[in-house]
Amino acid sequence: MRRPEAPATAHESGLMSAGEPSVTMEAEQLQRLLDALPALVSYIDSDERYGVANRAYERWFGEDSGSVVGRQVREVIGDAAYAAVKPHITAVLAGRPQDFETRLTYPKGRRRHVRIQYIPHLGASGDVRGFFALVADVSEQKRAEDARRFLADASAALDPAQGRDAGFRRVAALAVASVADLCAVHTLEPDGSVHARVVAHADPAKAELAARLARRSHPPPAPGTPPSPLHEVLHGGHGRLLPDLAGHALAGADQLAALRELGCRSAVIVPIRGDGCVLAALTLASAEVDRTCDAADLAFAEELSQRIEVALQRVRLYDMARDAESEARRRFLAEQEARRAAERAAQRMAGLQRITAALADALTSEAVAQVVVDIGVAAAGAYAGIIVVTAGDELECLKEVGYERETVERFRQMPLDAALPLTDALRTGAPVWLRSREECSARYPRIASAVLAGATVSLCSLPLVVQERPIGVLGLSFAEPRPFDREEQEFLVAVSRQCAQAMERARLHEERAALVERERRVALENARLYREAHEADRRKDEFIAMLSHELRNPLAPLTTGLELLQMSAQMSAGERADRDDRQILATLERQVKTIVRLVDDLLDVSRITRGKIELKRERLDVASVVETAVESVRPLLVQRGHDLVLSVDAGVFVHGDRVRLEQVVVNLLNNAIKYTNPGGRVSLACAAIAGDARIRVTDTGVGISAELLPRIFEPFMQARRTLDRSQGGLGIGLTLVKRLAELHGGRVEALSGGPGEGTAISVWLPLAGAPSAPAEASAPPAPGAAPPRAKTRPLHILLVDDNVDAAEGLRRVLQLHGHAVSMAHDGPAALEAARASKPDLVLLDIGLPGMDGYEVVRRLRAEPELTRSYIAALSGYGQDQDRRRSREAGFDAHLTKPVATEQLLSLLAEAAPRG
């Protein structure tokens with residue numbers, strides 16, 4: 001209840017009238033009334049001296065009230081209190097009533113919170129003669145209000161998110177500002193010592209001393225020594241009330257000594273509990289002389305400790321409203337905010353569900369980016385969004401929406417070390433929240449204008465993390481400042497997680513699809529390779545069968561001819577005359593040439609495949625090449641009974657190798673003759689067409705099926721044959737034609753109407769330019785004509801070969817030409833024979849038993865007497881590397897078996913001058 005207000009002024013006529021006994025009181029009765037009041041009641045004149053004072057002054061200041069009268073106010077209440085009320089005394093003496101509250105410090109350290117009313121005393125003329133003073137002690141009321149306010153402020157200050165010590169410091173600061181002179185929080189360390197977490201004092205002059213005392217170590221009490229109240233509380237005891245620190249039985253304890261050193265007279269110590277144990281001890285101490293901590297202070301401290309306990313248990317506390325209206329308004333606002341938060345949460349959940357549903361059908365990274373940017377931007381309330389992914393040392397824009405073209409082009413590709421929100425989020429793996437332009441300018445001062453391009457006011461960059469590895473960033477831009485509160489951050493992070501997981505699923509799907517596609521291709525390739533291998537195996541079997549057949553064909557007449565010659569040798573001279581040996585020899589020669597041609601064709605295919613063929617080019621008239629080739633195949637034409645139709649233009653020149661081009665034409669004619677039934681027709685035409693020389697061979701033979709036609713130039717490729725294999729050949733003739741034509745810069749083409757429709761094969765060769773100087777073309781030698789050879793002088797020849805039959809045949813040929821021949825059949829015998837006979841020419845087989853020809857030639861070259869001997873290698877191997885190796889070993893020449901007579905005679909002519 002409010003007490004009645006005192007009158008604003010007192011008039012002399014109303015106070016001193018003696019003519020009205022009903023309202024006039026005797027001075028003695030008035031004094032008794034004033035003495036009964038608990039408040040200070042006095043009259044003070046204009047000189048600031050007490051004229052009247054009630055007995056309350058005695059209770060307040062410990063002096064007789066009568067001794068107060070006549071003394072000045074400053075002398076009675078002290079300098080500190082007088083300094084606080086002096087402005088109000090000046091005002092009331094000026095005629096202005098005063099009504100105020102303040103906290104005054106009286107003599108001997110007594111402090112009271114008081115409410116003071118000064119009422120001016122006006123004389124009859126209106127002048128101020130003094131004033132009446134009414135001073136009420138409202139300390140307890142104020143202390144209770146401060147306590148309630150402190151508890152509310154302390155509850156607000158104890159935010160668990162700021163940490164325990166920070167909360168203790170804020171509570172201590174509030175306590176010394178309102179309810180205590182000192183506030184301290186102590187904890188018990190594992191070693192039993194006491195540690196001061198916080199010590200605060202109301203007096204700034206003693207704050208430094210309090211800080212020093214806080215750093216003191218308080219070891220546990222010695223055995224047998226009673227524990228201090230602080231130790232008791234920290235070890236699980238109840239709160240302690242210490243009304244008189246100076247007279248306490250444990251006044252010598254360190255903690256109590258520290259309190260006394262800080263000027264404290266009484267204190268309370270209460271435990272702060274949590275998790276079933278004492279976490280700390282809270283001390284509230286008072287330094288007031290006339291105030292002693294009591295049970296109410298202990299209860300207050302325990303209530304404070306309970307609030308601290310609740311805060312330390314992370315329970316959010318809310319301030320109690322002071323009146324019903326504010327509480328109702330707060331609840332209404334809270335309900336409104338909760339409703340809006342629920343609506344926002346529902347919208348975000350719906351947006352997240354839409355994103356999740358749409359991402360379920362996104363099977364590529366581009367589709368995932370499309371969904372997140374289109375749906376996520378709308379769900380987040382952004383006006384623009386972008387997704388960038390790592391691409392080597394850069395970030396590459398995968399999808400964007402809402403940004404201006406210039407902005408997109410500027411950031412389409414950016415290095416990973418760029419100082420941008422997107423790259424920072426990728427490097428750190430943590431979201432970047434920029435709530436306003438000011439925050440962006442503070443964090444990115446150099447690029448704020450570029451980052452906040454267009455309508456962007458706030459933005460966030462969310463890393464897309466897969467298995468703790470950032471693979472990209474989702475950026476969202478907003479057209480207004482955003483607080484990015486906890487709920488919004490959780491929603492946006494959830495969107496980024498969905499995006500990252502979907503992109504990882506898309507990546508795995510793409511990898512699986514690529515793997516399936518690779519497996520499909522591998523399967524197709526394996527099937528193709530299997531078919532090719534199967535076809536190659538089939539063609540190999542056919543080739544081996546053909547090779548054996550083709551070799552048996554000439555071997556049969558060779559065998560028969562040899563038997564006839566043996567029979568001829570056994571007959572009498574008369575009987576032998578009836579036998580035409582020359583016909584037998586011609587047959588043998590023809591079949592040997594067939595075998596040599598087969599082997600040469602095989603070697604040529606191998607040389608061309610490995611790029612070992614070297615062309616000896618010259619300017620050639622194709623007509624002369626065709627003429628020579630036709631003469632070579634004429635016996636086969638006659639044998640098969642074919643008609644040959646020639647249409648060859650003169651003056652068609654090419655730049656090529658005569659031997660190889662003759663080989664091309666011969667193979668074309670042989671192929672046409674073999675695959676044309678007896679009595680058929682073979683045509684050969686040659687003409688210059690569009691810068692090329694075209695050689696075309698056409699037959700009326702068996703033709704080629706459409707499925708075989710594209711592969712006719714592959715090695716060993718032939719049409720299906722009958723068991724008689726009447727056509728002959730190994731299936732490499734056309735392969736040689738194609739390879740040799742390509743070596744000359746030309747091309748080939750095969751045409752056929754199908755089985756039984758004949759075949760036409762054409763070869764195009766680039767025409768040669770005009771000759772640099774006019775020269776009369778030399779006529780080619782007549783077919784079969786050998787150049788005249790001078791007769792070689794008789795030579796002494798050493799023939800070395802482990803094949804006795806081959807050596808004996810070669811010896812007879814040499815002897816028929818007038819040369820002396822000695823023989824050896826292994827390496828050591830060859831060395832002895834050479835040392836003994838010192839031959840002009842050594843024909844040395846390489847594959848000798850015991851010591852090969854390479855070692856033999858090296859030893860022969862080491863003999864001084866054999867330095868002028870001509871040594872030629874005989875070998876069944878005639879590849880380039882074989883010839884190079886024989887040359888390096890010391891041979892003068894390299895002959896490939898079987899050796900033709902013309903080749904042998906040429907070698908003899910070359911060796912004769914040296915001997």
Side-chain angles (χ1 to χ4, degrees), residues 1 3 38-39 56 59-60 101-106 108-115 136-158 168 171-186 198-203 228-230 232-234 237-250 255-256 259-260 262-273 278 280-311 317 319-320 322:
M1 294 178 61
R3 63 187 178 186
R59 293 192 297 272
W60 280 42
E101 288 186 11
T102 185
R103 188 175 184 180
L104 299 180
T105 301
Y106 292 109
K108 299 181 181 180
R110 295 183 175 89
R111 287 180 294 181
R112 294 177 185 269
H113 202 97
V114 296
R115 181 180 179 185
D137 187 354
V138 294
S139 297
E140 293 301 324
Q141 177 183 353
K142 187 64 177 176
R143 187 175 293 110
E145 292 178 359
D146 289 345
R148 287 194 298 272
R149 185 180 301 107
F150 166 73
L151 289 176
D153 293 343
S155 299
L158 290 170
F168 287 158
V171 169
L174 290 172
V176 299
S178 57
V179 298
D181 293 299
L182 178 138
C183 180
V185 178
H186 292 81
V198 176
V199 176
H201 201 283
D203 187 354
S228 67
L230 188 59
E232 289 181 352
V233 172
L234 286 171
H238 299 288
R240 294 292 304 273
L241 175 62
L242 305 174
D244 184 8
L245 294 177
H248 197 275
L250 297 176
Q255 296 87 357
L256 301 183
L259 292 175
R260 291 198 319 276
L262 289 169
C264 298
R265 297 177 180 274
S266 61
V268 291
I269 305 175
V270 293
I272 300 174
R273 303 179 186 276
V278 176
L282 173 66
T283 301
L284 296 176
S286 174
E288 295 184 19
V289 175
D290 55 350
R291 184 181 182 281
T292 300
C293 293
D294 52 18
D297 295 308
L298 180 61
F300 168 76
E302 289 176 344
E303 182 179 357
L304 176 60
S305 71
Q306 290 174 2
R307 296 199 179 202
I308 295 175
E309 291 168 11
V310 173
L317 300 178
D319 293 330
M320 299 296 294
R322 291 191 176 184

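Note: hydrogens, waters and symmetry copies are ignored here, and every other heavy atom, side chains too, is used.
Rounding to the nearest 0.5 angstrom, the gap separating the CG atom in L234 from the NE2 atom in H186 is 8.5 Å. Note that NE2 of H113 and CG of L104 are 9.0 Å apart. Values are rounded to the nearest 0.5 Å. A distance of 5.0 Å separates CD1 of I269 from CG of L230, quoted to the nearest 0.5 Å. Here the CG atom belonging to D297 is positioned 12.0 Å from the CG atom belonging to L304, to the nearest 0.5 angstrom.
The heavy-atom pair separating P271 from H238 by the smallest distance is CD-C, 4.2 Å. Counting all heavy atoms, side chain and backbone alike, P38 lies closest to A56 at O-CB, 3.7 Å. For the residue pair V138 and R115, the shortest heavy atom distance occurs at CG2-N, 3.9 Å. A136 and A39 get closest at one heavy-atom pair: CA-CB, 3.9 Å.
Between H201 and L182 there is a side-chain heavy-atom pair separated by less than 4.5 Å. Counting heavy atoms from C-beta outward, V270 and V233 have side chains that stay 4.5 Å or more apart.
Among residues two or more places apart in sequence or in another chain, the side-chain contact (heavy atoms from CB on, under 4.5 Å) test is passed with S266 by S286, T292, C293. Residues satisfying the salt bridge (charged side-chain N to carboxylate O under 4.0 Å, His left out) criterion with R103, sequence neighbours excluded, are E288. Residues meeting the salt bridge (charged side-chain N to carboxylate O under 4.0 Å, His left out) test with E101, sequence neighbours left out: none. Legend: residues meeting side-chain contact (heavy atoms from CB on, under 4.5 Å) with A172, ordered by chain and number and at least two apart, are C183, V198, A200.
Remark: of the listed residues L284, L242, V268, V268 is the sole one forming a side chain to side chain contact (heavy atoms under 4.5 Å, CB included) with L298.
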